[in-house]
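Report on one structure; see the data block that follows.
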Amino acid sequence: MWIWLGGIGLLIALLLVAVLISYVHVHFTFKKHNHDDYAKITVRLLYGIVRINYEIPSIVFRNMKEGFLVKTEQRMNHSRGEAQSSERVNKRKVKKWAKDVKIMLRATEALKLWIKQTLTRVHMTHLSWSTRIGVGDAAYTAVLIGWVWSIKSIIIGYLSYQIRFEQTPKLQVVPVWEDEMEFQTELDWKLKIRITAVMIAGLTLLTRVLQVEGGWRMWFKLLQEQRRKRKLKLKKQHSESQI
């Protein structure tokens, strides 16, 4: 009997170790061709047993007041069907996000340092970014190509100081010398982080929140507000589907 119990205990310990040393893989793809946009995020963990797909098949710019209308689709490998929703991203929404970030900074001890320390545990396993661009004039296109190369170099240079690159990023900028304007870009990157690093980051964040007087209350209020908004959105979508 003790042999069986010891064997079961050893098996549980091995499974626990296997989970802790496993990675969370994130794959992000973004494509834009003139007015057509598409984005997809795939999260894979526990050696691929759990998969979460988050797609953005449409990003439509309405006007300066209404901003962008973003349509999303979310599904998991073990769930039936998919959840569809849409959200407007406008000036009011951006101000609300900025306000929430300020609250999180006040509610957490050295939040920026925590983010920086967490990013050092992230491994970028693949990054490719290609762009085709032309404005109908050869001289202006040549100048714009130089600007695009500079912007990409600055972004990649900044990221290289924040996270670990396992491969050299693949960057490409192709000029289009035709008379018509054209803009096409494709961004594809993959990153991974160990489950243990995620757990350590979570515990560290919790301790930093508790170090600030009333910090957990501010976080709780933010999370409660997000939960309430999500319930209202789901209720609204359910009502519209019944019509």
Side-chain angles (χ1 to χ4, degrees), residues 19-30 39-46 50-54 56 59 67-68 70 72 74 87 89-129 150-171 187-230:
V19 169
L20 292 176
I21 65 174
S22 66
Y23 285 95
V24 177
H25 295 267
V26 180
H27 184 192
F28 174 80
T29 303
F30 174 77
K40 180 179 179 181
I41 302 175
T42 301
V43 181
R44 180 167 56 89
L45 60 153
L46 298 179
V50 178
R51 290 176 180 266
I52 303 173
N53 293 315
Y54 191 81
I56 304 176
I59 304 174
F68 293 88
V70 182
T72 61
Q74 182 179 357
E87 184 175 356
V89 180
N90 48 28
K91 186 177 180 180
R92 180 180 178 183
K93 179 75 69 172
V94 173
K95 286 184 177 180
K96 181 63 172 61
W97 289 342
K99 182 180 177 181
D100 291 344
V101 170
K102 290 181 180 179
I103 293 174
M104 288 187 287
L105 287 171
R106 293 200 308 268
T108 310
E109 178 69 23
L111 180 60
K112 293 181 180 180
L113 178 61
W114 174 83
I115 295 175
K116 186 175 181 180
Q117 291 174 342
T118 302
L119 288 176
T120 58
R121 300 186 176 95
V122 176
H123 296 254
M124 182 74 74
T125 58
H126 170 78
L127 191 152
S128 63
W129 189 2
S150 299
I151 293 171
K152 287 189 176 185
S153 300
I154 292 172
I155 293 174
I156 299 302
Y158 175 78
L159 289 176
S160 64
Y161 283 101
Q162 306 299 322
I163 60 180
R164 302 178 184 180
F165 280 84
E166 294 189 355
Q167 294 183 1
T168 303
K170 300 177 182 178
L171 304 179
L187 176 62
D188 185 273
W189 53 256
K190 300 176 182 178
L191 58 83
K192 64 181 182 180
I193 182 172
R194 286 194 185 275
I195 292 282
T196 49
V198 175
M199 295 175 63
I200 292 173
L203 291 174
T204 304
L205 178 62
L206 179 60
T207 56
R208 290 183 181 275
V209 171
L210 294 176
Q211 287 176 358
V212 178
E213 184 177 357
W216 69 271
R217 292 190 184 90
M218 287 186 276
W219 272 93
F220 181 77
K221 185 177 180 180
L222 284 176
L223 295 175
Q224 197 174 35
E225 183 180 356
Q226 292 298 322
R227 185 180 180 183
R228 180 182 60 82
K229 289 182 178 180
R230 181 173 178 82

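The two residues L205 and W219 come nearest to each other via the heavy atoms CD1-CZ2, 4.5 Å.
Applying the side-chain hydrogen bond (donor to acceptor under 3.5 Å, both in side chains) test to K221 and every residue at least two apart in sequence or in another chain returns nothing. Residues forming a side-chain hydrogen bond (donor to acceptor under 3.5 Å, both in side chains) with T207 (at least two apart in sequence, or on another chain): none. For F28, the ring pair (Phe, Tyr, Trp, His ring centres under 6.0 Å) partners two or more places apart in sequence, or in a different chain, are W189. For I163, the side chain to side chain contact (heavy atoms under 4.5 Å, CB included) test picks out L119, V122, M124, F165, with sequence neighbours left out. Residues satisfying the side chain to side chain contact (heavy atoms under 4.5 Å, CB included) criterion with S128, sequence neighbours excluded, are H126, K170, D188. In this structure K190 satisfies the salt bridge (Lys or Arg N to Asp or Glu O under 4.0 Å) test with no other residue, sequence neighbours excluded. Partners of V212 under the side chain to side chain contact (heavy atoms under 4.5 Å, CB included) rule, at least two apart in sequence or in another chain, are E109. Under the side chain to side chain contact (heavy atoms under 4.5 Å, CB included) criterion, L206 pairs with L210, not counting sequence neighbours. The side-chain hydrogen bond (donor to acceptor under 3.5 Å, both in side chains) search around E166 returns H123, not counting sequence neighbours.
Under the 4.5 Å side-chain criterion, counting only non-hydrogen atoms from C-beta, K40 is in contact with T42. Between I41 and V26, the closest side-chain pair of non-hydrogen atoms falls below 4.5 Å.
In this structure, CD on Q117 lies 14.5 Å from NZ on K112, to the nearest 0.5 angstrom. Rounding to the nearest 0.5 Å gives a distance of 11.5 Å between NZ of K152 and OG of S150. Atoms OG1 and CG, on T168 and L127 in that order, are 11.0 Å from each other to the nearest 0.5 Å. Considering CG of L159 and CD1 of I154, their distance stands at 12.0 Å, rounded to 0.5 Å.
Screening residues 193-214 for ring-ring contact (aromatic ring centres under 6.0 Å, His included) gives no qualifying pairs among residues at least two apart or on separate chains. Every pair tested for salt bridge (charged side-chain N to carboxylate O under 4.0 Å, His left out) that includes a residue from residues 203-219 fails, sequence neighbours excluded, so the list is empty.
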Quiz: residues 191-202 side-chain donor-acceptor pairs under 3.5 angstrom, not counting sequence neighbours:
{"residue": "R194", "atom": "NE", "partner": "Y23", "partner atom": "OH", "Å": "3.4"}
{"residue": "R194", "atom": "NH1", "partner": "I21", "partner atom": "O", "Å": "2.3"}
{"residue": "R194", "atom": "NH2", "partner": "Y23", "partner atom": "OH", "Å": "3.0"}

